[in-house]
**Student:** 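Next up is a structure, given as structure tokens.
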Amino acid sequence: MTSVPLSMVPEQPIAGWSGRCPARTRVLPLTDSTLPASAAESATLWIPRGGGNSFSDCAYISKGLTFSSQGMDRILEVDPDRGLVLCEAGVTNQDLFEFLERPELQAWTLPIPGGTGHVTVGGASAGDIHGKNHPAQGSYGNHVQAMQVLTASGHKVWCSEDENRDLFRATLGGMGLTGFICKVRLQLVPLPAPALHVQTRPIPDAMTGTFRLFDEEPAELQMAWIDLASRRTRGVFHFSRPTARPPRPPRRILRLPIPRIAFLNPWTAPWINRVIYRLHSHLDLVVRPREAHHPLDAIPEFQKAYGPRGFVEYQFLVPLEQAERGLQSLVEAARKAPAFHCVVKRFGPHPPAGLLSFAREGFTFTALFAARSGVFDVLDELTESLISMGANFNLTKDICMRSRHLEKTQVHLEEWRQIVRRWDPEGRIQSNLSRRLRLKPW
Ligand SMILES: Cc1cc2nc3c(=O)[nH]c(=O)nc-3n(C[C@H](O)[C@H](O)[C@H](O)COP(=O)(O)OP(=O)(O)OC[C@H]3O[C@@H](n4cnc5c(N)ncnc54)[C@H](O)[C@@H]3O)c2cc1C
């Protein structure tokens with residue numbers, strides 16, 4: 001049983017990672033033993049929460065209970081011969097990277113480290129996250145062998161491709177709406193070399209020069225940074241390959257006291273981007289894998305540089321043949337509502353792991369729009385135009401979509417709903433995201 005009656009858990013303010021979608025909720029950190037009792041006792045709606053690194057309103061519920069996995073941080077089993085780990089949902093990617101430094105595990109690495117080490121195993125599975133290596137490795141769910149899920153009935157159920165397959169496919173990428181993932185069995189991948197050789201090339205004209213570089217520079221990790229703030233849309237292409245060369249010493253974490261003023265704004269951004277373009281266009285470094293995967297973790301709280309109103313993270317994916325049109329639409333939107341840069345990644349033809357998974361073959365664009373008045377009108381128009389190109393939107397980031405957009409972009413939505421309704425017939429597991437988008441309309 002939980003020590004505090006659920007009705008006594010105080011409400012607290014909460015928001016997405018960039019400070020958008022503020023709300024109030026009751027957060028209850030759980031352990032493996034208190035979970036079933038809490039879910040069964042709870043008369044209100046509830047939603048799981050991991051590290052809180054999502055930008056959307058997916059990881060909390062107003063006037064409900066937000067069950068946090070942060071007390072569930074044990075690595076329970078490891079098989080060094082087959083590269084399998086079983087861990088609790090609150091273990092982070094950073095914890096796993098550190099764990100894999102043990103001598104008997106150094107032949108293995110994380111398949112999808114994502115963009116920050118603070119993501120939990122539960123959040124990575126529920127968001128079916130991706131990295132800069134999608135063509136090589138697919139998304140997170142492609143490496144999850146099995147999960148133990150606490151469902152709305154208060155029972156813990158194992159699911160995998162062979163057991164409760166419907167629950168497995170609805171839970172991977174299912175945004176926590178099928179139940180609380182308690183444990184995950186993850187397949188690691190062989191570590192090809194202990195370091196990564198990071199190189200870059202300038203892209204003087206991003207509109208025409210970006211996409212072919214993904215073919216011209218085949219590499220384990222690839223991504224393009226594009227300057228959206230300057231008149232010339234140019235960028236830098238980053239590509240990294242495994243190497244046996246020794247990495248440079250790890251970079252220090254920049255614990256700068258970043259004040260919450262809009263340091264990044266339409267006047268400063270072109271100058272900052274000019275410096276980034278100059279400094280980053282010809283990089284040639286050997287770094288440890290974590291440094292290549294999680295560069296933003298070296299600047300904690302960088303989101304404060306967007307000021308008190310924060311920023312709107314917007315991520316979409318278009319089919320390969322629509323890449324130039326997608327970029328053109330994004331550039332036009334960025335001229336109306338300021339967005340200072342975007343990041344482009346390519347996704348390969350791996351089968352989507354879950355029914356609501358974001359990843360499918362194509363190019364994905366992530367842009368950070370300054371949260372100014374009018375930004376949502378611009379993004380609404382952009383969303384409509386991207387949908388006509390066959391776009392899909394990342395639910396861990398979205399704060400703009402409406403339910404009609406979801407119906408048009410999630411091709412397996414009805415199948416997902418039918419499965420989830422069987423596991424949660426009363427619709428007790430809900431988030432602000434699921435209510436905004438009417439994901440579970442029963
Ligand atoms: C700096 C930065 C860089 C990022 N880069 C990338 C990137 O490159 N690629 C990418 O895909 N994403 C990226 N993200 C987004 C992030 O990876 C996802 O939002 C991820 O889902 C967050 O995991 P979390 O543990 O913080 O979960 P939360 O943010 O707490 O929750 C995310 C979702 O998972 C559900 N959930 C969490 N724990 C559980 C559980 N135990 N059981 C069931 N459901 C659960 C929640 O209900 C919610 O719907 C980035 C985020 C940041 C802040």
Side-chain angles (χ1 to χ4, degrees), residues 75-89 91-147 160-162 168-169 172-173 181 183-198 214 217-223 238-245 247 286-295 297 345-354 357-361 364:
I75 297 173
L76 302 166
E77 286 172 24
V78 57
D79 179 341
D81 296 327
R82 293 194 295 156
L84 283 170
V85 282
L86 175 69
C87 45
E88 290 185 322
V91 170
T92 64
N93 278 344
Q94 193 168 310
D95 297 334
L96 281 170
F97 263 128
E98 281 162 19
F99 186 72
L100 294 177
E101 282 169 11
R102 292 178 176 200
E104 72 275 20
L105 292 170
Q106 283 182 358
W108 301 99
T109 190
L110 286 187
I112 315 295
T116 166
H118 305 303
V119 165
T120 62
V121 165
S125 306
D128 190 18
I129 67 164
H130 61 272
K132 302 180 190 98
N133 57 352
H134 189 277
Q137 299 294 356
S139 63
Y140 199 86
N142 294 124
H143 303 268
V144 172
Q145 278 214 340
M147 291 175 285
S160 66
E161 278 295 334
D162 304 319
F168 188 64
R169 298 190 65 224
L172 291 173
I181 302 167
K183 294 175 188 163
V184 175
R185 191 180 299 283
L186 185 68
Q187 175 68 65
L188 304 168
V189 290
L191 179 70
L196 283 167
H197 181 196
V198 180
F214 286 83
E217 295 290 1
E220 175 82 7
L221 307 188
Q222 296 176 309
M223 70 99 173
H238 295 241
F239 53 104
S240 312
R241 299 182 178 121
T243 176
R245 285 163 54 192
V286 176
V287 300
R288 296 181 319 148
R290 270 158 78 178
E291 207 177 315
H293 287 290
H294 303 150
D297 287 357
K345 296 174 197 157
R346 184 161 71 182
F347 285 177
H350 295 266
S357 286
F358 170 63
R360 9 174 144 143
E361 188 168 25
T364 172

**Student:** What pairs of donor and acceptor atoms, side-chain ones from residues 108-123 against any protein atom, are under 3.5 angstrom apart with sequence neighbours left out?
**Tutor:**
{"residue": "W108", "atom": "NE1", "partner": "P80", "partner atom": "O", "Å": "2.8"}
{"residue": "T116", "atom": "OG1", "partner": "H118", "partner atom": "N", "Å": "3.1"}
{"residue": "T116", "atom": "OG1", "partner": "D297", "partner atom": "OD1", "Å": "2.9"}
{"residue": "T116", "atom": "OG1", "partner": "D297", "partner atom": "OD2", "Å": "3.4"}
{"residue": "T120", "atom": "OG1", "partner": "G123", "partner atom": "N", "Å": "3.0"}

**Student:** Determine the minimum heavy-atom distance between D128 and G141, stating which atoms define it.
**Tutor:** OD1-N, 2.7 Å

**Student:** For the NE2 atom of H197 and the CD atom of E220, what is their distance to the nearest 0.5 Å?
**Tutor:** 15.0 Å

**Student:** Work out which heavy atom in P289 is nearest to a heavy atom in P194; give both atom names and the distance.
**Tutor:** CD-O, 3.3 Å

**Student:** Atom NE2 in H238, atom CE in M223: separation rounded to 0.5 Å?
**Tutor:** 4.0 Å

**Student:** V91 and F99: side chain to side chain contact (heavy atoms under 4.5 Å, CB included), yes or no, with the steps?
**Tutor:** CA-CA 11 Å; V91 170; F99 186 72; over 6 Å; no

**Student:** For E88 and L76, what are the C-alpha separation, side-chain angles and deciding distance, and is it a side chain to side chain contact (heavy atoms under 4.5 Å, CB included)?
**Tutor:** CA-CA 7 Å; E88 290 185 322; L76 302 166; 4.0 Å; yes

**Student:** Quick one: closest heavy-atom pair of G83 and Q187, and the distance?
**Tutor:** O-NE2, 3.2 Å

**Student:** So, for S357 and L172, which heavy atoms are closest and what is the spacing to 0.1 Å?
**Tutor:** OG-O, 4.2 Å

**Student:** Looking only at heavy atoms, what is the nearest atom pair of A353 and S139, with distance?
**Tutor:** CB-OG, 4.4 Å

**Student:** Among residues at least two apart in sequence or on other chains, which ones pass ring pair (Phe, Tyr, Trp, His ring centres under 6.0 Å) with F214?
**Tutor:** F237, F363

**Student:** What distance separates E161 CD from F168 CZ, expressed to the nearest 0.5 Å?
**Tutor:** 5.5 Å

**Student:** Can any side-chain N or O of D79 pair as donor or acceptor with the backbone N or O of R82 at less than 3.5 Å?
**Tutor:** yes

**Student:** May I have the step-by-step check of side chain to side chain contact (heavy atoms under 4.5 Å, CB included) for L196 and V286, ending in yes or no?
**Tutor:** CA-CA 6 Å; L196 283 167; V286 176; over 6 Å; no

**Student:** Under the side-chain hydrogen bond (donor to acceptor under 3.5 Å, both in side chains) test, which residues partner N93, sequence neighbours left out?
**Tutor:** none

**Student:** Looking only at heavy atoms, what is the nearest atom pair of P192 and P242, with distance?
**Tutor:** CG-CG, 3.7 Å

**Student:** Ring pair (Phe, Tyr, Trp, His ring centres under 6.0 Å) with H134: which residues, sequence neighbours excluded?
**Tutor:** F347, H350

**Student:** Measuring from L84:CG to L188:CG, what's the distance to the nearest 0.5 Å?
**Tutor:** 7.0 Å

**Student:** Sort out for me which residue in L96, L191, L100 forms a side-chain contact (heavy atoms from CB on, under 4.5 Å) with L105.
**Tutor:** L100

**Student:** Give me each pair satisfying salt bridge (Lys or Arg N to Asp or Glu O under 4.0 Å) with a member in residues 97-125, each pair once, sequence neighbours excluded.
**Tutor:** E98-R290, E101-R290

**Student:** Can you tell me how far the OG1 atom of T364 sits from the NZ atom of K345, to the nearest 0.5 Å?
**Tutor:** 7.0 Å

**Student:** Which residues satisfy the side-chain hydrogen bond (donor to acceptor under 3.5 Å, both in side chains) test with R288, sequence neighbours excluded?
**Tutor:** none

**Student:** To the nearest 0.5 Å, how far apart are CZ in F97 and OG1 in T92?
**Tutor:** 10.5 Å

